[in-house]
Amino acid sequence: MRNVLLERDEALAEAARAAEAARSGNGRWLLFRATTGLGRTALLEEVARREATVGGMRVLHARCSPEESAFPFGLVRLIFAEAGAGAGAGVEVDGEDIPFADPPAAEEQQIFHRLVASLARTAARRPVLVAVDDLHDADAVSRRWIGYLARRLAGLPVLLLLTECLTEYPEKDNIALPGATGTSVTLRPLGPAAVTRLALAGPARTRKQDADRAELCVRACAGNPALVHALLADLREGPPPGRLSDLAGRRYRDVIGHWLRTRATPRSRRLALTMAVAGDGPAPLGGRLLHEAADLGPDGHNTPADPPADALGLGRLFSHPLAREAALAAAEPAELDALRRRIARLLDEQGAPAAHVAAHLLHIELHTELHTELHTELHTEPRADLHTDRPGEEWMTQSLEDAAEDAVRDGRTDEATGLLRHALTAPLAPARRAGLALRLAALELPHSADACIRRLRAALELHADGHERAAVAPALGAALVARGRTDTAMHVMRQVGSAVEDDELVRVLQTTAALMASHDAIAWRNAVARMRELAATAPATVEPLACGLVTEYEAGAGGLSAAEAMTRVLPRLKAPVDPRLRTGWLGSAATLLQWADRLDEARALADECLPAPPALPDLTDIGQQCLISVRAEAALWVGDFRRVIAENAPLLDARTAQGLRMPHLVSMVALAHHELGHRAHARRLVATLDEVSASADSSWEWNELRHARAHMHMAEGSWQAALDDYLSCGRGQSARDFVSPVATPWRSGAALALVRLGQPARALDLAEEELRHARTWGTPRAVGRALRAHGAAVGGRRGLDSLHEAVAVLRQAPAPVELIETLLDLGQARIGAGNGRKGRDDLHEAHTLALRLLAPDSIPDSALGSEPDPDPVSDSAPVAGRLVRAAENALRTGGARRTHRVAMGSAALTVAERRIVELAAMGQTNAEIGAALHLARRTVETHLTNAYRKLGVTRRTQLASCLGGAGTGNPSAARDMTALA
């Protein structure tokens, strides 16, 4: 009891002064006002105990209750029964019973006078303390009598001690207590120091446990002594609880629940519940919005019944999740539902973030992360305390949809999926339902292809109108293609198209279907034939894609050069295109740009249509499917392996074991890992694809996979396995009439494998055929690759000439991987021909370029999901990267001597080299540099050659960008590399 009275010295002192005045014949009244649980009853009892034992006063004690608040004179009867003024069934004063009904006004004054006179006679014998607890629950007549008494205390030895709950029962008449004869004291919540004293008053524990308990009591009780004692009784040993169910007992919950159910007024109850509900949301409600949500008035001003101190106290209490849980558990579900919807509506009208509105609509507690709760609610067994009613109004559905789009942009696809699924439970018009279903299906496809297809089929069946069905069919077709069911996709497109009477829409569907048909060998030939016919008569907004698809086929069939293809593509990039075909057209154009080695332009088209990470692309858009492939392969071709992984691994992770195989994307990511040295991870990625499925699927994607797998076999010395995969790739490409080496140069790879297997004649046949097709296409990458294979197959002096030409050609292309590989072959061939110095120069250049290629950008290896495999050859520290390993091994085999470790990049330049490079970067010729530095021209050339190797550049125009840089090597490998000279 003594602990409850912490920080009550001022109130006790005031009571002592009032009692002293009363004992001297100058009666006083004293009112203790406080919110529930702050100890006003304990304080009244302590004052009564002190005055009875020390002050010698007679105590007449009465406690009011709500159950008797309707009984006239109920409180008066209790007081005078305590005084022993009556006997029997009634209570008499001056020989008359206290009535049981409201008397007329004239009689009421007589009764009041008799009661005061009786009390005065009792006090004349011994000063009296009239202690009335919970005056707010007293009946109206007794409250009026208390006021009557207070105005007549001046000459009486009576102390009138009262307690009243702050803000309770504002509808009752306030008692007119005169300031001349008394005062009121408002009790404040306990401060942190006092709460800590209460928390530490029990059995001693560890210092950490004591500190945790004290902190929890301070935060979860808002200085309310009753709550502190209840929480201490509930706490079990161990860490502070995160949820109400973690408490050992129910006292804390019951104290809050009892107040809400029996003591709080409707207004204070609404305010408390509003705070509890809003506190479980993602952001607190402001003052005006809080009052509107609690229906306390739109102006946000506190009423007399709800003073600022009380609102602040409730706010402090319900800022803690334990208090919020206790309040919500005590409320009726219907009451909470209405309150949550009201808050959601107000937030929506105020323009709050859609996620905040959705959180209240879904009744999700956002002191944890929204997507975690959504996953709990919508993807697993729902929690018992979560309710997810159907959205009943359009604004609710729209808020859920907007929140889903925000989640998509942030890469939280699971959360977005759950929100849209809930939105679809609303009563919706067919068109609205179909639109939401399309968006949801796009999100579901990477995670669950079959669920997406079922949803899209249902959306298709919602419509009888041909135009509306035509809006759904491309999405369903794209999903089926992604699932590997191109034949079914084509059937859907034909079926929907046959029921459409709009000629332009029919052409749109035919062209979209042709893009899908590229995943099936037979359908692809037929589609191209139709596109040739269509291109001549199609509307201007449809013709670009038809032309692009025909151009893709003819380029693959070896009938076009890159220059000819570009004369078709580039002008059409400026032409208007039907919005329904835009991504498809850009996907086709980007493919041709990529094949033509215009990688930056291809990449720009992909970036224009694909969402920025971490959002996943829409695989129900067949054009986006194509652009994903272009983006990945373009990054791979320029050697940006980390970008390939960072952009595409999330999509591959999302589709794991869910029905989407995506062999081309798997191939690109696996090759990127392999180039970075993550060989085991690359093999695991490729192994996730079922080759049995590929045998029944003639999509070009499987040919890409076979080519990638063959490439990895070659790097690991498995020549026969590589040859088998290259030839399998060739058969798949030939079935599609694809003979050009622009995409999968399988003949070059097979020729290199055959050379290793000792079959140069067979290799030469393939290499010459490859070179012929490559020269037809005419890009440096294609020609350089073919020349490399030709040089390996023919050998000797002719082979050196082919390799030398290949290097010269590849220096003109954004083809760093092919250039490095060819330099390695050229260097080894020169060494084999007896020209060791030039051969080792080639190997050194290849080594430098390989280090530069692997220089890390903003994406560290640790973020790529794999670590480099140990180097099985080197006896020094392992070095990441296939090409670096190959260069190291070639240098070692070529007789290069091992020297000290050096840094790569501009930091490795000597003083003389840096001076010469700076002048060269400014545009001076070698002769001008020699004259300025008084050096022979030969000396300038030697320094520049060494600087080129250290900087990893091949042209003078590249020098300026390298000076002052942080180096070109991988810090974990290149800057601490064993140099081989």
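These values consider heavy atoms only, across backbone and side chains, with no hydrogens, waters or symmetry-generated copies.
Other residues, nucleotides and ligands place no more than 12 heavy atoms under 6.0 Å from the CG atom of Asp600.
The main-chain N or O of Asp607 is never found under 3.5 Å from a side-chain atom of Arg631 such that the two would form a donor-acceptor pair. Counting only distance, with no hydrogens or angles, the side chain of Thr425 and the backbone of His422 share a donor-acceptor pair below 3.5 Å. A side-chain donor-acceptor contact under 3.5 Å links Arg655 to the backbone of Leu652. Without hydrogens or angle criteria, Glu415 side chain to Ala407 main chain gives no donor-acceptor distance under 3.5 Å.
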With side chain to side chain contact (heavy atoms under 4.5 Å, CB included) as the criterion, how do Val277 and Leu328 come out once you've worked through the C-alpha distance, each side chain's angles and the decisive distance to 0.1 Å? CA-CA 7 Å; Val277 170; Leu328 298 177; 3.6 Å; yes
Inset, instruction - Go through the steps to decide whether Arg324 and Met275 satisfy the test side chain to side chain contact (heavy atoms under 4.5 Å, CB included), and finish with yes or no. - result: CA-CA 8 Å; Arg324 293 199 297 270; Met275 289 178 173; over 6 Å; no
Could you walk me through whether Gln625 and Asp621 satisfy the side chain to side chain donor-acceptor pair (under 3.5 Å) test, starting with their C-alpha distance in whole Å, then the side-chain angles of each, then the deciding distance to 0.1 Å, before giving a yes or no?
CA-CA 6 Å; Gln625 288 187 26; Asp621 182 334; over 6 Å; no
task: Apply the test side chain to side chain contact (heavy atoms under 4.5 Å, CB included) to residues Val577 and Leu545: give CA-CA distance (whole Å), side-chain angles for both, the deciding distance (0.1 Å), then the verdict.
output: CA-CA 8 Å; Val577 178; Leu545 178 53; 5.9 Å; no
Quiz item: Given the rule in the salt bridge (Lys or Arg N to Asp or Glu O under 4.0 Å) test, do Arg582 and Asp578 qualify, once you have shown the distances and angles that lead to the verdict?
Solution: CA-CA 6 Å; Arg582 179 172 176 270; Asp578 189 297; over 6 Å; no
For side chain to side chain donor-acceptor pair (under 3.5 Å), just list the numbers for Gln398 and Arg432, CA-CA rounded to whole Å, side-chain angles, deciding distance to a tenth of an Å, and then say yes or no.
CA-CA 11 Å; Gln398 189 61 54; Arg432 182 83 165 102; 3.2 Å; yes
| request: Step by step, work out the side chain to side chain contact (heavy atoms under 4.5 Å, CB included) result for Arg340 and Leu361. | output: CA-CA 7 Å; Arg340 286 180 173 118; Leu361 289 175; over 6 Å; no
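Looking at Leu438 and Thr620, their side chains never come closer than 4.5 Å, going by heavy atoms from C-beta outward. A heavy-atom distance below 4.5 Å is not found between the side chains of Thr512 and Arg580. Counting heavy atoms from C-beta on, the side chains of Leu428 and Leu424 come closer than 4.5 Å. Between Cys221 and Leu317, the closest side-chain pair of non-hydrogen atoms is not below 4.5 Å. Two residues are said to be in side-chain contact when any heavy atoms from C-beta on lie closer than 4.5 Å; Leu616 and His447 meet this criterion. Contact of the Val669 side chain with the His673 side chain is registered, since non-hydrogen atoms from C-beta on lie closer than 4.5 Å. Side-chain contact between Pro617 and Leu651 is present, with heavy atoms from C-beta onward closer than 4.5 Å. The closest side-chain heavy-atom distance from Leu400 to Leu362 is below 4.5 Å.
The list of salt bridge (Lys or Arg N to Asp or Glu O under 4.0 Å) pairs with a residue in residues 492-517, not counting sequence neighbours, is empty.
Here the CG atom belonging to Leu273 is positioned 10.5 Å from the CD atom belonging to Glu332, to the nearest 0.5 angstrom. To the nearest 0.5 Å, the span separating CE on Met516 from CG on Leu509 amounts to 9.0 Å. To the nearest 0.5 Å, atoms CZ (Arg469) and CG (Leu460) are separated by 4.0 Å. Distance OG1/Thr397 to CG/Leu419: 12.0 Å, rounded to 0.5 Å. Once rounded to the nearest 0.5 Å, the distance linking CG of Leu346 with OG1 of Thr274 reads 10.0 Å. Taking OG of Ser667 as the start and CD of Glu704 as the end, the distance is 6.5 Å to the nearest 0.5 Å.
With respect to the salt-bridge test (charged N to carboxylate O, under 4.0 angstrom), the residues Arg269 and Glu335 qualify. The residues Glu393 and Arg345 are annotated as salt-bridged, a charged nitrogen and a carboxylate oxygen being separated by less than 4.0 angstrom. A salt bridge does not link Arg661 with Glu701: every distance from a Lys NZ or Arg NE/NH1/NH2 to an Asp or Glu carboxylate oxygen is 4.0 Å or more. Remark: Arg409 engages Asp406 in a salt bridge, criterion side-chain N to carboxylate O under 4.0 Å. Classification of Glu543 and Arg572 as a salt-bridged pair holds, one side-chain N sitting under 4.0 Å from a carboxylate O. Salt bridge annotation for Glu444-Arg421: present, with a cationic side-chain nitrogen under 4.0 angstrom from a carboxylate oxygen. Salt bridge absent: Arg457 and Glu461 never bring a charged side-chain N and a carboxylate O closer than 4.0 Å. Between Glu325 and Arg253 there is no salt bridge, since none of the side-chain N atoms of the basic residue sits less than 4.0 Å from a carboxylate O of the acidic one.
Tested against Arg603, the residues Glu633, Glu647, Glu608 include a single salt bridge (charged side-chain N to carboxylate O under 4.0 Å, His left out) partner, Glu647.
Across all their heavy atoms, Ala632 and Val644 have their closest contact at O-CG2, 3.6 Å. What you find for Ala672 and Phe641 is that their closest heavy atoms are CB-O, 3.6 Å. Closest of all the heavy-atom pairs between Ala602 and Val630 is CB-CG1, 4.0 Å. Shown here for Pro611 and Ala615, the closest heavy-atom pair between the two residues is CB-CB, 3.9 Å. For the pair Ala220 and Leu322, the tightest heavy-atom approach, listed with the atom from each and the gap, is CB-CD1, 4.4 Å. Of all non-hydrogen atoms in Leu443 and Ala416, the two that sit nearest each other are CD1-CB, 3.7 Å.
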Under 3.5 Å donor-acceptor pairs involving side-chain atoms of residues 472-486, not counting sequence neighbours:
| from | atom 1 | to | atom 2 | distance (Å) |
| --- | --- | --- | --- | --- |
| Arg483 | NE | Asp450 | OD1 | 3.0 |
| Arg483 | NH1 | Gly659 | O | 3.1 |

